[in-house]
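A short worksheet on the structure shown next.
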Amino acid sequence: MIINYTFITYRVSLELPNIYGIVYSLLKKIPQGKVTTYGEVARGLGDLKAARTIGRLMAKNIWYKYIPCYKVVHSDSRIGKYSAPGGVKKKMELLAKDQIPIENGKIVHLNKYLWSHKEMNLFPYLQSLMRMQQYLSKYALKTTEHRSHITCKNKISCDVAYIDSLPDIAISSCVLFENENVSEISITISPVYFPYIPGYLAFRELVPILFSIKKLYENRLFHDSCILIDGHGLLHPRKLGIASHIGLLLNKPTIGIAKKLLVGKPLIKKRKRYLDRTYYPIAVNGEILGYGIEKDKSKIFVSPGAYISLDKALEVTLSLSWGNRREPYLMILPHVISSYFRKHLDNLIRSRA
DNA sequence: GCGACAG
DNA sequence: ATCTTGTCGC
């Protein structure tokens, strides 16, 4: 999949790596008598933050007969789990067959048997994606300046759900609200080859969301609109969350709305009240990049994506009505639609199987 | 030892 | 996000 960026005078092409394919073929290259760790594979890909994701990929490995995920263990030399038939016992047997010494559920002298990331000879994809985020964030930030005047009369809200299979199937849904009323809905189904890794959500969900937004635009163009994305914008380790990324690609105002923080500290002491909600700034290295908004026991975190100022993003989000739900009504609808679709497809697949 | 870690 | 093979730092 290639994505073209056209903004200002730059054009950047990005080829999304197929992480599933890369990791599974890597496991076949683990030398006889060696093991590696979840963290080492993540380092090989360019970011240790992917360690947990590697574990999830192992758990989803349906070709465990050919792809030796039993050779991946914890960095503190614990054996780790094994969800293929036989469980941990089978994992220990397979390791023993490879002459790997195990005592008390731990590998003895892991260092001696460790296949390190340096020996993997992998291209550090995550590092180059990170560099791209750093590069793009400069432009995204610029588009948030002098953008307090924009109006967001019409809103597009997007969400993605998944069917558990390989590769992951994404069901992406967008809802257009015109003057507070639902006026258009779009749903798309697309395979994704990039797993969820904290800080890299965009590379998993960007394409499915763009597909379903594009579908909305096919019917007709609408102005005076902004896009609400389930995830962060500026509130991101490289100041380029999925909301920023989508805003830059579409040249449209985007607001990131997430249920959990990825970075930053809430400045609770600075909390203020708006109707039945309270809100407070979120700071990263002393810089305010977003806001937390609370209603009853529920929390959301808002930050600008692109083409909208921090203050305006807060103002627009505060004005959304919540009903009796855990998040604003606008955010729930696409979520309900894609989850419904997911269940329906899941049942269909199960009944055929 | 516990929390942090968008979806 | 689903239905559970992590790691580091305080």
Side-chain angles (χ1 to χ4, degrees), chain A residues 23 27 35-43 45 47-62 64 67-92 94-95 105 133 158-165 168-173 192 194-206 208-209 228-246 255-266 282 284 289-290 292 299-303 305 327 331 334-335 338-339 342-343 346:
Chain A
V23 170
L27 298 188
V35 294
T36 190
T37 70
Y38 307 99
E40 284 302 308
V41 177
R43 279 199 183 93
L45 287 176
D47 195 337
L48 178 59
K49 284 241 157 74
R52 213 172 181 187
T53 303
I54 300 304
R56 279 183 37 240
L57 293 202
M58 301 303 101
K60 284 170 83 171
N61 174 20
I62 55 175
Y64 46 86
I67 295 170
C69 60
Y70 71 88
K71 293 184 181 182
V72 188
V73 300
H74 282 269
S75 62
D76 64 0
S77 47
R78 270 154 46 231
I79 298 294
K81 301 188 187 174
Y82 192 66
S83 43
V88 180
K89 203 180 146 211
K90 179 75 177 173
K91 190 170 182 176
M92 303 224 301
L94 289 165
L95 286 169
Q133 290 175 326
C158 306
D159 191 32
V160 184
Y162 295 91
I163 303 176
D164 191 46
S165 56
D168 288 346
I169 305 293
I171 302 162
S172 166
S173 158
V192 294
F194 198 103
Y196 168 70
I197 301 168
Y200 302 84
L201 174 65
F203 302 109
R204 176 167 174 81
E205 301 201 336
L206 196 58
I209 291 176
L228 311 180
I229 301 291
D230 201 350
H232 291 292
L234 197 51
L235 223 31
H236 178 274
R238 269 82 67 190
K239 297 190 187 181
L240 195 96
I242 186 166
S244 330
H245 218 133
I246 289 176
I255 300 175
I257 301 180
K259 281 158 227 81
K260 292 183 204 157
L261 273 181
L262 175 62
V263 290
K265 287 193 188 107
I282 308 287
V284 180
L289 298 184
K299 282 182 203 175
I300 58 171
F301 299 96
V302 54
S303 58
E327 58 185 322
M331 305 301 294
H335 176 75
S338 39
S339 310
R342 185 183 73 80
K343 255 181 207 157
D346 227 26

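Proteins come first, then strands; the chains are lettered A, B, ... in the order of their sequence lines, and each starts at number 1. Here the structure is a predicted model, which means the values were calculated and not measured.
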Checklist entry - Just wondering, do A/Leu289 and A/Ser303 contact through their side chains at under 4.5 Å, heavy atoms? => result no

Checklist entry - Are the charged groups of A/Asp47 and A/Lys49 less than 4.0 angstrom apart, N to O? => result no

Checklist entry - C/dA1 P sits how many Å from A/Asp230 CG, rounded? => result 7 Å

Checklist entry - To the nearest Å, how far apart are A/Ile169 CD1 and C/dA1 C1'? => result 15 Å

Checklist entry - Okay, side chain of A/His236, backbone of A/Gly199: is any donor-acceptor separation there less than 3.5 Å? => result yes

Checklist entry - Considering only side-chain heavy atoms of A/Ala59, which listed nucleotide, C/dG6, C/dT4, B/dG7, is closest? => result C/dT4

Checklist entry - Of the candidate nucleotides B/dG7, B/dC5, C/dC8, which contains the atom at the shortest distance from the side chain of A/Lys259? => result B/dG7

Item to check | Lys NZ or Arg CZ of A/Arg238 over A/Tyr200 ring: under 6.0 Å, within 45° | outcome: yes

Checklist entry - What class does the angle between the rings of A/Tyr38 and A/His74 fall in, given that below 30° is parallel, 30 to 60° is tilted and above 60° is perpendicular? => result perpendicular

Checklist entry - To the nearest Å, how far apart are A/Leu262 CG and C/dA1 P? => result 15 Å

Next on the checklist: At 4.0 Å (heavy atoms only), tell me whether A/Gly241 reaches a base, stays on the sugar-phosphate, or touches nothing.
Outcome noted: base

Checklist entry - How is A/Arg43 classified with respect to the nucleic acid when contacts are heavy atoms under 4.0 Å: base, sugar-phosphate, or nothing? => result sugar-phosphate

Item to check | Nucleotide nearest A/Tyr38 when distance is taken to its side chain, options B/dG7, C/dT7, B/dC5 | outcome: C/dT7

Checklist entry - Rounding to a whole Å, what distance do you find between A/Leu57:CG and C/dT2:C1'? => result 14 Å

Next on the checklist: Both A/Ala84 and A/Arg342 contact DNA chain C. Which one's nearest nucleotide lies toward the 5' end?
Outcome noted: A/Arg342

Checklist entry - Using atom C1' of each nucleotide, how far apart are B/dC5 and C/dT4 to the nearest Å? => result 15 Å

Item to check | Length of the CD1-P vector between A/Ile229 and B/dG7, whole Å | outcome: 13 Å

Checklist entry - Can you check whether A/His335 has a side-chain N or O nearer than 4.0 Å to OP1 or OP2 of B/dG7? => result no

Checklist entry - Please give, in whole Å, the distance from B/dC5 C1' to A/Ile242 CD1? => result 17 Å

Next on the checklist: Taking any heavy-atom pair under 4.0 Å as a contact, classify A/Tyr64: base, sugar-phosphate, or nothing.
Outcome noted: nothing

Next on the checklist: So A/Gly256, base contact, sugar-phosphate only, or nothing? Heavy-atom distance under 4.0 Å.
Outcome noted: nothing

Checklist outcome for this item: Taken to the nearest whole Å, CZ/A/Arg52 to C1'/B/dA4 is 9 Å

Checklist entry - What integer distance in Å separates A/Leu261:CG from B/dC5:P? => result 7 Å

Next on the checklist: Mind checking if A/His74 touches a base, just sugar-phosphate, or nothing, with heavy atoms under 4.0 Å?
Outcome noted: sugar-phosphate

Checklist entry - Quick check: does any side chain N or O of A/Lys91 sit under 3.5 Å from a backbone N or O of A/Ala84, one acting as donor and the other as acceptor? => result no

Item to check | Given B/dC5, C/dC8, B/dG7, the nucleotide with the shortest approach to the side chain of A/Leu48 | outcome: C/dC8

Item to check | Which residue lies more 5' along DNA chain C, comparing A/Arg56 with A/Ser75 via nearest heavy atoms | outcome: A/Arg56

Checklist outcome for this item: Among the nucleotides C/dG6, B/dG7, B/dC5, whichever has the atom closest to the side chain of A/Asp159 is B/dG7

